[in-house]
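Positions are given from 1 along the sequence.
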Amino acid sequence: MTEKLQLDEPAEGVARLTISNPERRGALDHEILDALAEHARTLDARCLVIRGSGDVFSAGYDIGNLSEQEFEESAERLVAHPFHDALEALEAYRYPVIAEVNGHAIGGGLELAITADIRLAARGVKMGMPPAKLGLIYGHTGLQRFIDAVGVPRTKELFLTGRNLPAERAESIGLVHEVVDDAELENAAVELAAEVAANAPLSMRGNKHAIDTLNSFSRLTPEQERELIELRESCFGSDDFREGIAAFAEKRKPAWKGR
């Protein structure tokens with residue numbers, strides 16, 4: 001769809017999207033964001049990996065080249081539509097998403113990373129949110145993602161200081177799940193993605209949906225609670241559950257059907 005967002009399949013059941021915009025340090029422009037949204041809606045891999053190319057994950061929104069005359073309208077249009085649309089599509093991906101934070105993740109690039117379900121980071125990277133240093137008031141949907149990931153106190157720290165955090169500190173506050181030596185990150189991400197993709201697809205879809213529903217509402221409506229109960233009950237009559245039990249008893253690799 002675009003050379004700036006490259007797709008490959010590094011392992012069975014795994015799709016990998018690489019942001020390739022080195023001249024702009026992985027900045028997210030309309031072309032990349034539209035392609036990301038389209039891939040998130042059409043791919044059916046059982047695990048999706050997002051990473052950057054070279055030594056950077058993403059430097060965030062690509063607004064540096066906008067002229068003074070078009071800045072206000074164009075900057076708002078980039079943030080409000082394609083960026084929001086791409087992250088919404090990524091969040092809605094029905095299977096697990098892994099962010100392989102191979103390089104610095106700044107601003108919108110960091111928000112892209114925390115949209116993933118699981119995040120691995122190279123030891124040498126830095127992560128930060130610079131709105132306080134740019135005069136930017138961040139969007140409420142983005143702020144909510146950070147609150148969900150690291151809580152209110154750490155979100156305030158990120159957005160009110162504008163500091164870039166080293167990977168180890170990012171791990172300690174929950175921005176990433178694991179820090180890996182730089183040279184080992186790619187293999188570690190592929191191995192994790194392959195492990196995830198080998199799990200029962202019915203279970204991954206159901207559990208991800210249930211977790212996201214519970215996290216999105218402080219109190220479930222009776223309809224939502226009934227839907228989650230029916231979702232849980234449905235697995236007991238599924239081919240995947242019967243196959244999982246049989247494979248466990250027979251000490252063999254399960255052959256999932258996704259139903």
_Return the CD to OG1 distance between Q144 and T155, rounded to the nearest 0.5 Å._
8.5 Å
*Please answer whether the main-chain N or O of A200 pairs with a side-chain N or O of S203 as donor and acceptor at a distance below 3.5 Å.*
no
_Atom of L5, atom of I32 and distance for their closest heavy-atom approach_ = CD2-O, 4.0 Å
*asked:* Looking at E88 and R41, is any side-chain nitrogen of the basic one under 4.0 Å from a carboxylate oxygen of the acidic one?
replied: no
*Among L28, L87, L143, whose side-chain contact (heavy atoms from CB on, under 4.5 Å) with E111 holds?*
L87
_Lys/Arg N to Asp/Glu carboxylate O, E12 vs R46, below 4.0 Å_ = no
*Walk me through it: do V190 and R16 pass the test side-chain contact (heavy atoms from CB on, under 4.5 Å)?*
CA-CA 9 Å; V190 172; R16 182 169 61 184; 3.6 Å; yes
*asked:* So if I apply the salt bridge (Lys or Arg N to Asp or Glu O under 4.0 Å) rule between R123 and each of E178, E184, E168, E171, which one comes out positive?
replied: E168
_Taking the basic N atoms (NZ, or NE/NH1/NH2) and the acidic carboxylate oxygens, is any pair closer than 4.0 Å for R242 and D239?_
yes
*Can you get from I106 to M127 by hopping between Ile, Leu, Val, Met, Phe, Trp and Tyr side chains that sit under 4.5 Å apart?*
no
*Using side chain to side chain donor-acceptor pair (under 3.5 Å) as the criterion, point out the one residue from T18, N21, D29 that pairs with K4.*
D29
*Side-chain (R25) to main-chain (H104) donor-acceptor, under 3.5 angstrom*: no
*asked:* Nearest 0.5 Å, please: how far is CZ in R145 from CG in L112?
replied: 9.5 Å
*What are the two closest heavy atoms between A197 and V14, and how far apart are they?*
CB-CG2, 4.0 Å
*Under 3.5 Å, is there a donor-acceptor pair between the side chain of D240 and the main chain of W256?*
no
*Out of L17, D85, L48, D117, which one pairs with L90 under the side-chain contact (heavy atoms from CB on, under 4.5 Å) rule?*
L48
